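Values in this document were obtained by computation on a predicted structure and should not be read as measured data. Numbering of ligands and ligand atoms starts at 1, following listing order.
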Amino acid sequence: MKVLIIGSGAREHAIAWRVDQSPKLTKLWVAAGNAGTAAIAENLEIRSGDIDGLVAAAQKTQADLVIVGPEAPLAAGLADKLDALGIPVFGPSEAAARIEASKSFALELMRRANVPCPDFASVWDQAGAESYIKDHPGPLVVKADGLAAGKGVLLCQDSNEALSAVKLCISDKAFGEAGDTVVLEEYLSGPEVSVFAFCDGKDMSPLVAACDYKRLEDGNQGPNTGGMGSYNQPDFWNDALAAKIEKSIMRPVIDKMAEEGHPYKGVLYAGLMLTQEGPKVLEFNCRLGDPETQVVMPMLESDPLDLMLACARGNLQPETVKWNNKNFVGVAMVSGGYPDEYRTGYGISGLDHDGPEETLVFHAGTKLGPSGETLTAGGRVLTVVGGGETMEEARRRAYSRVEQISFTDARWRRDIGSAANHGTARLAG
Ligand code: AMP
Ligand code: GLY
């Protein structure tokens with residue numbers, strides 16, 4: 001199979017790494033990729049926003065499967081365009097991608113499907129917000145409805161904060177058009193977990209769970225980032241919880257979307273909070289998570305191309321999808337200054353080491369320099385993954401690999417996957 005992967009982060013490098021192991025693969029392209037994908041695939045210089053360019057590349061390469069990493073091209077209809085040309089695509093249609101691209105769509109869908117989620121209201125102006133807040137004075141979460149690159153979520157302690165947050169979205173347009181509609185949500189608490197299902201429109205794979213860390217500093221301090229690390233299979237995860245989430249959340253959503261005429265194909269990613277009343281959905285995403293993918297791809301025992309092609313074609317056999325039971329911990333190495341201003345272009349050393357066993361290095365913001373050397377080229381530079389029979393072993397391996405790698409001003413958290421913070425890593429303050 002000839003395969004084209006869309007995206008350029010460590011998520012896409014992890015997908016490419018796993019796809020590269022398939023005996024079915026004959027040729028792999030990544031658009032746009034990074035220095036890591038360049039070692040196993042041919043990179044194509046096409047931005048994720050260039051939908052026509054991506055479609056043309058899929059045609060030119062005669063790809064048998066296109067795997068879409070990020071949400072933006074899905075929300076812009078890339079899968080529909082490929083589908084119209086008969087090119088199998090792993091990722092949902094524009095209509096199905098609304099589950100991520102519009103928070104009010106997702107919440108209203110959940111309401112119709114009886115899926116547990118926070119109490120909420122969608123509003124378009126200050127008056128609408130005031131009337132909801134009057135009856136719900138407690139802590140609230142104010143969210144820009146559309147895609148805001150993970151930034152449009154404002155946690156508000158009281159009514160005044162909530163009203164200011166609404167103003168920031170609607171009047172000040174802090175998140176552009178994404179904030180023209182605003183969602184007000186009940187404030188929930190509990191451990192958080194990301195749950196992934198590979199779907200073919202009707203059926204889904206067994207679920208797989210991971211947690212990510214949003215804050216820059218140890219102990220969940222400092223600003224929010226695109227993700228500082230992840231680990232799979234948190235200690236509270238078990239078959240009973242997976243079955244409950246499948247039955248009360250994933251299954252009803254897949255069924256409702258099929259029933260309403262936009263079947264869901266691709267990865268359905270549920271961001272859940274395990275509340276006192278049971279798991280509730282904070283958000284859905286229409287793709288794999290980053291940095292969760294970096295600890296999920298190493299769990300996949302089945303052939304990745306069989307799996308993704310079956311999802312694309314609508315003939316998934318869930319019982320054929322196998323995950324291993326190992327622990328993986330992924331540590332993001334980032335540029336000093338990230339998530340604000342940072343410098344790039346520094347040489348990265350230590351990548352050639354074999355490293356301790358069961359370690360993987362996935363590239364994000366890297367590029368090849370003029371003599372083939374690897375340079376930093378972004379805020380999140382690498383995700384270094386360790387695997388083991390226990391979380392501690394996985395963690396130890398990941399960090400000993402991190403210690404071998406260096407670049408100017410490299411930063412990373414020291415507490416990724418440590419037992420003390422399971423499930424609490426995302427708790428925002
Ligand atoms: P989201 O992008 O919707 O997942 O929100 C980002 C983060 O904000 C989540 O990971 C949670 O930590 C927090 N959050 C979102 N919605 C809620 C909620 N209803 N109650 C409490 N925290 C929330
Ligand atoms: N890990 C969070 C995300 O991918 O959106």
Side-chain angles (χ1 to χ4, degrees), residues 7 9-12 14-15 68-72 74-75 97 99-107 110 116-121 132 136 138-157 161-162 165 169 175 178-179 182-196 208-215 220 223-232 266-277 279-297 330 332 339 364 380 383 416 421 423-429:
R11 166 179 54 202
E12 287 76 19
I15 297 169
V68 187
E71 63 278 10
L74 293 165
I99 202 153
E100 174 166 1
S102 166
K103 292 189 187 282
S104 54
F105 172 85
L107 285 160
M110 285 189 268
C117 60
D119 189 68
F120 74 95
Y132 183 80
H136 302 82
L140 283 173
V141 185
V142 173
K143 300 184 179 181
D145 185 69
L147 294 180
K151 295 203 173 65
V153 175
L154 304 157
L155 304 175
C156 305
Q157 294 309 325
E161 267 185 54
C169 295
F175 309 104
V182 166
V183 166
L184 302 171
E185 276 180 20
E186 171 193 5
Y187 194 111
L188 301 177
S189 56
E192 285 188 63
V193 59
S194 305
V195 175
F196 303 95
V208 58
C211 296
D212 68 346
Y213 293 78
K214 287 278 181 214
R215 300 295 201 95
N220 303 319
N224 270 322
T225 69
M228 294 299 293
S230 54
Y231 58 96
N232 66 342
V267 170
L268 181 61
Y269 161 167
L272 304 178
M273 199 168 258
L274 306 181
T275 72
Q276 299 276 327
E277 297 162 17
K280 293 191 182 183
V281 178
L282 297 182
E283 62 167 348
F284 280 114
N285 293 317
C286 66
R287 37 111 191 144
L288 279 160
D290 188 340
E292 293 96 323
T293 305
Q294 294 90 303
V295 295
V296 164
M297 278 298 126
R380 287 193 293 169
T383 303
I416 304 300
N421 59 24
T424 64
R426 285 192 125 207
L427 288 186

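- Under a 4.0 Å criterion applied to the non-hydrogen atoms of Gly289, ligand 2 contributes the atoms 4 (O).
- For Tyr132 and Phe120, the distance between ring centers is not under 6.0 angstrom.
- Numbered from 1 in the order shown, with element, the atoms of ligand 2 that lie under 4.0 Å from a heavy atom of Asp212 read 1 (N), 2 (C).
- Shown in contact with Lys103 at under 4.0 Å from a heavy atom are these atoms of ligand 1, numbered in order with element: 2 (O), 3 (O).
- Look at Lys214 and Asp212 and you find a salt bridge, because one of the NZ, NE, NH1 or NH2 atoms lies within 4.0 Å of a carboxylate O, short of that distance.
- The ligand atoms of ligand 1 that sit less than 4.0 angstrom from a heavy atom of Lys143 are 3 (O), 15 (C), 16 (N).
- Using a 4.5 Å heavy-atom cutoff, the side chains of Glu161 and Pro139 are not in contact.
- Below 4.0 Å from some heavy atom of Arg287 lie the following atoms of ligand 2, by number and element: 3 (C), 4 (O), 5 (O).
- Atom numbering of ligand 2 starts at 1 in the shown order; those under 4.0 Å from a heavy atom of Lys214 are 2 (C).
- In this structure, Met110 and Phe284 have side chains that are in contact, with non-hydrogen atoms separated by less than 4.5 Å.
- Residues Ser230 and Glu292 bring no donor and acceptor atom of their side chains to less than 3.5 Å of each other.
- Compare Asp119, Val183, Val141 by their heavy atoms: the one nearest to atom 18 (C) of ligand 1 is in Val141.
- Screening Asp290, Thr383, Val296 against Arg11 for a side chain to side chain contact (heavy atoms under 4.5 Å, CB included) leaves a single residue, Asp290.
- Each of the atoms 18 (C), 19 (N), 20 (N) of ligand 1 lies under 4.0 Å from some heavy atom of Glu186.
- With Leu188, Leu272, Leu155 as candidates, the residue nearest to atom 23 (C) of ligand 1 on a non-hydrogen basis is Leu155.
- In this structure, the side chains of Arg215 and Asn224 come closer than 4.5 Å at one or more pairs of heavy atoms.
- At a 3.5 angstrom cut-off on N or O pairs, Tyr187 does not count as close to ligand 1.
- Put simply, no part of Lys280 is less than 4.0 Å from ligand 1, judged by heavy atoms.
- Here Lys214 has no heavy atoms under 4.0 Å from ligand 1, in either its backbone or its side chain.
- You'll find the side chain of Met297 reaches within 4.5 Å of the side chain of Leu288, heavy atoms only.
- Residue Arg11 has no nitrogen or oxygen atom sitting less than 3.5 Å from a nitrogen or oxygen atom of ligand 2, judged on distance alone.
- Glu185 is listed as a side-chain neighbour of Lys143, based on a closest heavy-atom distance under 4.5 Å.
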